[in-house]
Amino acid sequence: MGLPLALAIGSTATSFMGSMSAAKAAKREAAMRARQIQQQKQAAQLTALQEHNNRLSNLQVFLGTNEALAGTMGRDLGSDRSLKALIEKAKKDVQTDADRARVQFAMEQGKLSFQQNMALEKGKNLARGYRFQAIGTLLSGAYKTSQLTTPSAAKPTYYGNTFDRAF
C-alpha cells in the first residue's frame, strides 16, 4: 500500500504545481501583451504627432510660396481676393485634415486600450481557471489518497452469490 499511496501523492503534487505554474505564466503572458499594446499606443501617438507636424510644415511652405509668387507678380496679399481665397482654402483643408486625423487617432487609441484591457482580463481568467484546476487536482488527490489509506478490513467481503441490491 506504500507505493500506490506515494504515487498518488506525487501525482497530485505534480499536477497541482503544474496548474499553479500555468496560472502564473498566463498572468505574465497577459502582462507582456498589455505592455506590447501600450508600446503600440505610444508609437501611434508619435506617428500622429509627426503627421500633424508634416501637415503644418506643408501649409507653411504653401503660404510662403504664395507670398513669394504674390511678390514677384506685384500683387498685394492683403487686397488680392483670389490669393486670399487660395490661402483660406488651404488653411481650411489643413484644419479639416487635422480634425479627421485627430478622430482617427482617438479611435485607434480606444481600440488599443480595449485590446490592452482584454489581454489583461484574459490572463486573469486563464489564471483563475488554472487555480480552480489546481484545487480540483488537490481534491481528487485527497480522495484517491483516502481510498488508498482505508483499511481493507473496512471493505466488505462477499462470499458466494453477489446481488445487485442489498437486503
Side-chain angles (χ1 to χ4, degrees), residues 1-65 88-158 162 164-166:
M1 191 175 358
L3 181 61
L5 180 61
L7 289 174
I9 292 172
S11 172
T12 300
T14 301
S15 183
F16 175 78
M17 299 277 286
S19 294
M20 292 305 285
S21 178
K24 289 178 184 175
K27 287 186 90 170
R28 281 193 309 268
E29 182 182 331
M32 287 174 24
R33 179 75 179 127
R35 282 193 300 273
Q36 182 184 32
I37 293 171
Q38 181 63 32
Q39 289 174 348
Q40 288 175 354
K41 286 171 64 177
Q42 291 170 347
Q45 188 173 11
L46 180 61
T47 300
L49 181 61
Q50 289 171 338
E51 289 173 356
H52 178 71
N53 288 342
N54 284 340
R55 277 190 292 278
L56 292 180
S57 177
N58 289 339
L59 177 62
Q60 290 304 318
V61 168
F62 178 79
L63 294 176
T65 302
E88 289 305 314
K89 179 163 179 6
K91 287 180 179 179
K92 183 180 176 188
D93 288 348
V94 167
Q95 183 61 42
T96 301
D97 192 32
D99 290 344
R100 286 180 183 153
R102 200 173 298 114
V103 169
Q104 182 179 355
F105 171 72
M107 288 173 55
E108 185 177 347
Q109 290 293 303
K111 180 184 84 167
L112 289 172
S113 291
F114 178 76
Q115 288 176 351
Q116 188 176 22
N117 290 336
M118 285 303 294
L120 290 171
E121 198 60 35
K122 181 179 177 182
K124 285 180 194 174
N125 289 340
L126 277 172
R128 186 178 304 121
Y130 285 127
R131 283 193 298 273
F132 283 134
Q133 182 179 354
I135 291 169
T137 297
L138 283 177
L139 293 174
S140 174
Y143 177 74
K144 288 177 188 174
T145 303
S146 74
Q147 294 298 312
L148 291 172
T149 58
T150 302
S152 60
K155 294 180 183 174
T157 304
Y158 296 102
T162 58
D164 289 340
R165 60 187 177 103

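- Inspection of the Lys144 and Thr12 side chains reveals no N or O donor paired with an N or O acceptor under 3.5 Å.
- Ion pairing between a basic and an acidic side chain is recognised when a charged N comes within 4.0 Å of a carboxylate O; Asp97 and Arg100 show no such pairing.
- Here the closest heavy-atom approach between residue Leu126 and residue Ala26 is recorded as CB-CB, 3.7 Å.
- Between the side chain of Ser11 and the backbone N or O of Leu7 there is no donor-acceptor pair closer than 3.5 Å.
- You'll find the side chain of Val61 reaches within 4.5 Å of the side chain of Thr65, heavy atoms only.
- Between Gln109 and Gln45, the shortest heavy-atom contact is NE2-N, 4.2 Å.
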Just do the side-chain hydrogen bond (donor to acceptor under 3.5 Å, both in side chains) check on Arg55 and Asn58 with the steps written out, would you? CA-CA 5 Å; Arg55 277 190 292 278; Asn58 289 339; over 6 Å; no
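- Taking the side chain to side chain contact (heavy atoms under 4.5 Å, CB included) definition, one finds that Thr14 meets it with nothing, sequence neighbours left out.
- Minimum interatomic distance between Lys27 and Gly123 (heavy atoms only, all atoms of both residues): CG-O, 4.1 Å.
- Summarising the geometry, atom NZ belonging to Lys89 is positioned 8.5 Å from atom OG1 belonging to Thr96; distances are rounded to the nearest 0.5 Å.
- Considering every non-hydrogen atom in both Leu112 and Ile37, the closest pair reads O-CG2, 3.1 Å.
- Rounded to the nearest 0.5 angstrom, Phe16 CZ and Leu139 CG are separated by 10.5 Å.
- Enclosure of atom CD in Gln38 by more than 12 non-hydrogen atoms of other residues, nucleotides or ligands within 6.0 angstrom is indicated.
- Smallest separation of non-hydrogen atoms from Ser113 and Lys41: OG-NZ, 2.9 Å.
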Lys92 and Gln95: side chain to side chain contact (heavy atoms under 4.5 Å, CB included), yes or no, with the steps? CA-CA 5 Å; Lys92 183 180 176 188; Gln95 183 61 42; 5.7 Å; no
Trace of the side chain to side chain contact (heavy atoms under 4.5 Å, CB included) decision for Gln60 with Leu63: CA-CA 5 Å; Gln60 290 304 318; Leu63 294 176; 4.3 Å; yes
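- Atom CD of Gln40 and atom CD of Glu108 lie 9.0 Å apart (nearest 0.5 Å).
- Distance check: Asp93 CG to Phe62 CZ gives 9.0 Å after rounding to the nearest 0.5 Å.
- Interatomic distance, OG of Ser146 versus CG of Leu5, reported as 10.5 Å (0.5 Å rounding).
- Nearest heavy-atom pair across Ala8 and Leu148 is CB-CD1, 3.8 Å.
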Would you check, one step at a time, whether the test side-chain hydrogen bond (donor to acceptor under 3.5 Å, both in side chains) holds for Asn117 with Glu121? CA-CA 6 Å; Asn117 290 336; Glu121 198 60 35; over 6 Å; no
Asp99 and Val103: side chain to side chain contact (heavy atoms under 4.5 Å, CB included), yes or no, with the steps? CA-CA 6 Å; Asp99 290 344; Val103 169; 5.7 Å; no
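- Rounded to the nearest 0.5 Å, atoms OG (Ser19) and CZ (Phe132) are 12.5 Å apart.
- The local environment of CD in Glu29 is sparse, with at most 12 non-hydrogen atoms from other residues, nucleotides or ligands closer than 6.0 Å.
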